[in-house]
Every structure is written in structure tokens, then in C-alpha cells.
**Q** 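Below is the structure I would like to discuss, written out as C-alpha cells.
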Amino acid sequence: MRVLGLETSCDETGIALYDSELGLLSHRIYTQIAVHAEYGGVVPELASRDHVRKAMPLIREVMAEAGLTLADLDGVAFTRGPGLVGALLVGACLGRSLAWALGIPAVGVHHMEGHLLAPMLEENAPEFPFIALLVSGGHTQLVQVEGIGQYTLLGESLDDAAGEAFDKAAKMMGLPYPGGPELSRLADSGNAKRFRFPRPMTDRPGLDFSFSGLKTFTRTTILDCAEDGVLCDTDKADISAGFQDAVVETLAIKCRRAMKQTGIYRLIIAGGVGANRSLRARLQETAAELGGEVYYPRPELCTDNGAMIAYAGTQRLLAGECSDLAVTAVPRWPM
Ligand code: KG4
Ligand code: ZN
């Protein structure tokens with residue numbers, strides 16, 4: 001089965017072609033960073049308009065690279081939610097109508113299910129069951145995954161998502177948008193021990209997270225360091241390193257706890273923050289200490305992409321699921 005996947009939930013247009021026998025045939029990710037940079041965050045209306053501009057040309061590129069035409073498709077998958085409603089509607093309208101015109105089924109996929117299954121696109125894919133750490137700009141969740149569609153939420157952030165905390169801390173230091181990757185780059189040259197950031201909610205049982213305290217600690221640290229409101233490069237690097245270390249250690253403590261609690265020692269990391277090298281290294285150590293294994297998608301499949309939607313959609317279509325003709329987007333949608 002050959003399925004076209006469309007991801008348009010936020011500021012990346014991701015288009016991919018997945019074959020259930022041959023794997024990922026081709027994919028493209030167009031990021032709107034340049035469109036939103038001058039506003040310091042995603043402007044929903046501009047995001048929708050840019051998806052409209054880019055989706056069809058990218059579909060043509062993906063089909064051409066695979067040496068196929070639209071007539072060779074067996075299904076279309078699009079992100080149905082959660083995300084920005086206008087942006088989601090672009091992918092939903094396009095995906096639904098394309099499938100209707102081609103006389104093939106379409107399926108609306110949950111964005112986080114896409115992230116959660118992204119490691120299945122790699123050669124060394126994990127077997128079920130596994131524990132998934134989903135860390136993106138909108139979510140921080142620990143999920144027990146028994147199979148496709150069999151997900152149990154073990155814990156989640158009670159306030160900011162990990163990626164959101166990275167972005168907000170970066171913004172406070174005046175780093176360019178998007179802040180997460182930039183903060184992480186600065187952290188490489190910083191001293192993580194200079195400021196002792198808290199490890200929120202690690203001293204009590206449970207698998208929930210809270211990252212808003214780290215934001216407050218970052219703000220007060222910046223106020224303490226800044227001279228005339230300006231931070232020097234060393235301060236920025238040290239704050240970045242201390243902040244990143246706190247997030248990474250907090251996530252690692254909860255992952256260890258989740259593995260011990262469930263007795264499942266296969267861990268996957270997905271979502272944009274999964275591209276963070278320090279997090280990957282720390283979780284590798286944590287799993288190794290417990291005799292477990294860590295799986296993660298290549299960095300470009302950690303952040304938003306069409307391949308994860310094409311993969312999740314293929315599994316849903318193979319199970320006989322498909323969406324009706326109504327075009328729906330679900331901006332808030334628990335998994
Ligand atoms: O999964 P994703 O692309 O979009 C959402 O579904 O939210 O994740 C984006 C988030 C942003 O908050 C971004 O700052 C963060 O992932 N991110 C990172 C890194 N790369 C992306 N955070 C920390 N370190 C990185 N290397
Ligand atoms: Zn995402």
C-alpha cells in the first residue's frame with residue numbers, strides 16, 4: 001500500500017510517500033522559520049497561507065522523486081489535530097479532496113501518534129511494547145505503547161511543554177527564533193554547574209512534569225546577571241547549559257521511573273526536543289544502566305514531518321480505518 005502523508009499542523013509543511021512493503025520512498029520538509037522569525041513566534045494566519053503555497057509543489061516533488069504519479073497512490077493521510085486550526089484545515093482539505101478525486105481512502109491522523117511511531121521508520125525499529133517519551137513544543141508525555149492504537153498515558157506536563165520551556169527561556173535571553181535549537185547550541189560551550197537550576201517534581205513520586213518553575217528560575221538568574229539589562233556571551237552560555245541540564249536530567253529521572261514501574265525497558269524518544277543531543281546521550285546512559293535500549297528517529301524525523309503521518313496513516317488504513325467525506329480539523333485533541 002502506497003500512502004501520501006501531509007503534515008501541516010504548525011509551521012512545517014511535511015510531505016512524504018510511504019510504501020508498506022518498501023518503507024519511506026521520499027519525503028520533503030519545508031520549514032516556515034523565515035516567515036515567522038521577525039515576529040518571534042508562529043503567526044497562525046501566515047502559517048496557513050504558506051502551507052497553501054507549498055503543499056502542492058512539494059507533493060509533485062515527492063511523487064517525482066519516487067518516479068510515481070498520483071494514480072499510483074492507494075491512500076492519503078493528513079494530520080487531523082492537534083495544532084493550529086487554519087493550518088490543519090489546509091492539510092485536511094487538500095488530503096481529503098485529493099483522495100476523493102483519486103477514488104482512494106483518506107485518514108486523519110493524530111499528530112502525536114505520528115511522533116510516537118516515527119522510530120518505526122528507521123531500520124532498527126523497536127518492537128512493541130515500549131515506553132515513549134514525547135517531547136515537542138506542545139506536549140511532554142510519557143506513554144506506554146502496546147501496539148498501534150494501544151496507548152496508555154503514564155504522565156504529562158502539568159504546565160509548559162519541554163520544547164515550550166526551551167523556547168521561552170531562549171526568548172528571555174534574546175536568542176533568535178526558534179529558540180530551542182539555538183539555546184541547545186549555546187549550551188555546548190557553557191558551564192552547566194554555575195547556576196543550580198531546580199529539577200521540578202523529581203522529589204515526589206509520579207510521572208508528571210512541570211517546567212514553569214524553570215522559566216521563573218531562568219528569569220531571576222537573567223535579572224541577577226544582566227548589567228544594564230544586557231547579558232554577556234558567557235552568561236548566556238552558562239544559563240543555557242544549566243537550563244538544558246535541568247530539563248534533560250528531569251526527563252531522564254522520569255524515564256527511568258517509567259521503565260522501572262512498567263518493567264518495559266525499551267524507550268523511544270520522539271518530538272522536536274528529541275533532536276537535542278544532550279537528551280539523547282543522557283537517555284542512552286539511563287537505559288543502558290537498566291539493561292534497556294533507546295530508539296529514536298533521525299533528527300529530521302523528530303521534528304514535524306510528513307513521513308510520520310504517512311506511516312501512522314498507513315497502519316490505520318491497513319487496519320480498515322478511514323475518514324468520511326467531511327473535512328474536519330481538531331485543534332485540541334487528547335490522544
Ligand atoms: O515536534 P516539533 O517539531 O513541533 C511540535 O509538535 O511542537 O517540536 C518543536 C519543539 C520546539 O519547541 C523547539 O524549540 C524544540 O522542539 N526543539 C529543540 C531542539 N530542536 C527542536 N529543543 C531543544 N533542543 C533541540 N535541539
Ligand atoms: Zn510535532
Side-chain angles (χ1 to χ4, degrees), residues 7 9-12 14 29 31 33 41-42 82-83 111-119 131-143 153-173 175 177-188 190 192 197 199-202 207-215 218 239-256 258 267-287 294-305 308 335:
E7 155 60 34
S9 68
C10 191
D11 59 346
E12 261 98 30
I29 302 170
T31 175
I33 286 175
V42 179
H111 180 80
M112 296 314 289
E113 180 179 46
H115 275 306
L116 186 146
L117 296 176
I131 300 297
L133 173 69
L134 299 176
V135 269
S136 72
H139 294 79
T140 301
Q141 296 181 326
L142 271 166
V143 183
L153 183 65
L154 301 173
E156 63 184 333
S157 178
L158 305 178
D159 41 55
D160 291 352
E164 191 180 359
F166 263 96
D167 295 339
K168 286 179 176 170
K171 203 168 182 176
M172 282 183 230
M173 286 190 283
L175 304 184
Y177 166 87
E182 186 62 21
L183 186 151
S184 152
R185 202 181 54 75
L186 271 185
D188 287 345
F197 279 72
R199 271 58 175 154
M201 295 184 70
T202 52
L207 295 170
D208 286 334
F209 305 90
S210 162
F211 292 108
S212 65
L214 282 180
K215 211 171 49 185
T218 305
I239 293 171
S240 297
F243 175 89
Q244 174 171 281
D245 208 47
V247 176
V248 165
E249 193 178 336
T250 303
L251 292 172
I253 290 170
K254 299 285 167 142
C255 285
R256 168 191 289 271
L267 176 70
I268 72 113
I269 317 168
V273 185
N276 185 285
R277 277 186 292 123
S278 166
L279 178 65
R280 286 173 172 241
R282 188 76 62 95
L283 290 178
Q284 196 92 52
E285 280 167 29
T286 304
V294 180
Y295 300 80
Y296 32 74
R298 68 198 94 151
E300 81 206 59
L301 299 185
C302 273
T303 46
D304 291 349
N305 65 85
M308 67 186 195
M335 192 163 61

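Below, each value reflects all heavy atoms present in this structure, side chains not excepted, and no hydrogens, waters or symmetry copies.
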**Q** If you compare all heavy atoms of Leu142 against all heavy atoms of Cys255, which two are closest, and at what distance to 0.1 Å?
**A** CD2-SG, 4.1 Å
**Q** Between Phe211 and Phe166, does the ring centroid distance fall short of 6.0 Å?
**A**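 No.
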**Q** Identify the heavy atoms of Gly190 and Ala241 that sit nearest to each other, and give their distance.
**A** C-CB, 3.7 Å
**Q** Taking the side chain as every heavy atom from C-beta outward, state whether Met335 and Leu153 have any atom pair closer than 4.5 Å.
**A**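 Result no, sub-4.5 Å side-chain heavy-atom pair not found.
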**Q** What distance do Ser9 atom OG and Met112 atom CE have between them, rounded to the nearest 0.5 Å?
**A** 9.5 Å
**Q** Working to the nearest 0.5 angstrom, can you tell me the gap between His111 NE2 and Leu116 CG?
**A**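 Going from the NE2 atom of His111 to the CG atom of Leu116 covers 11.5 Å.
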**Q** With a 3.5 Å cut-off and no angle check, do the side chains of Asp160 and Ser212 form a donor-acceptor pair?
**A** no
**Q** Rounded to the nearest 0.5 Å, what separation is found between the CG atom of Leu133 and the NE2 atom of His139?
**A** 13.0 Å
**Q** Kindly give the heavy-atom pair with the smallest separation between Leu207 and Ala258, and that separation in Å.
**A**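 Scanning both residues, the minimum pair turns out to be CD2-N, 3.7 Å.
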**Q** Donor-acceptor pair, Asp208 side chain versus Gly155 backbone, under 3.5 Å?
**A** no
**Q** Do the side chain of Thr250 and the main chain of Ala246 share a donor and acceptor less than 3.5 angstrom apart?
**A** yes
**Q** Do other residues, nucleotides or ligands put more than 12 heavy atoms under 6.0 Å from the NZ atom of Lys215?
**A** yes
**Q** So, Asp245 and Arg199, do they make that salt bridge, N to O below 4.0 Å?
**A** yes
**Q** Which pair of non-hydrogen atoms, one from Met201 and one from Lys254, has the smallest distance, and what is that distance?
**A**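 Met201 and Lys254 have their closest heavy atoms at O-NZ, 2.7 Å.
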**Q** Please list, chain by chain and in numerical order, all residues satisfying salt bridge (charged side-chain N to carboxylate O under 4.0 Å, His left out) with Glu156, sequence neighbours excluded.
**A** none
**Q** Measuring from atom CG of Leu175 to atom CG of Leu183, what distance do you get when rounded to the nearest 0.5 angstrom?
**A**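 Output value for this atom pair is 6.0 Å.
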**Q** Can you name the closest pair of heavy atoms from Gly271 and Ser136 and give their distance?
**A** CA-CB, 4.3 Å
**Q** Thr140 side chain to Ser157 main-chain N or O, any donor-acceptor pair under 3.5 Å?
**A** no
**Q** Looking only at heavy atoms, what is the nearest atom pair of Gly180 and Asp167, with distance?
**A** N-OD1, 2.9 Å
**Q** Using the salt bridge (charged side-chain N to carboxylate O under 4.0 Å, His left out) criterion, which residues pair with Asp188? Sequence neighbours excluded.
**A**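 With neighbours one apart ignored, the set is Arg277.
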**Q** How long is the straight-line distance from CG of Asp159 back to OG of Ser210, given to the nearest 0.5 Å?
**A** 3.5 Å
**Q** Is there a side-chain contact between Phe197 and Ile239, using heavy atoms and a 4.5 Å cut-off?
**A**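 SC-SC contact between Phe197 and Ile239 confirmed.
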**Q** Is there side-chain contact between Leu251 and Phe209, with at least one heavy-atom pair below 4.5 Å?
**A** yes
**Q** Testing Val273, Leu279, Ile253 for side-chain contact (heavy atoms from CB on, under 4.5 Å) with Val248, which one passes?
**A**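 The single option meeting the side-chain contact (heavy atoms from CB on, under 4.5 Å) with Val248 is Leu279.
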**Q** Please round to the nearest 0.5 Å and tell me the distance separating atom SG of Cys10 and atom CG of Asp304.
**A** 6.5 Å
**Q** Going by the rule salt bridge (charged side-chain N to carboxylate O under 4.0 Å, His left out), which residues pair with Glu164 if we only count those two or more places apart in sequence or in a different chain?
**A** Lys168
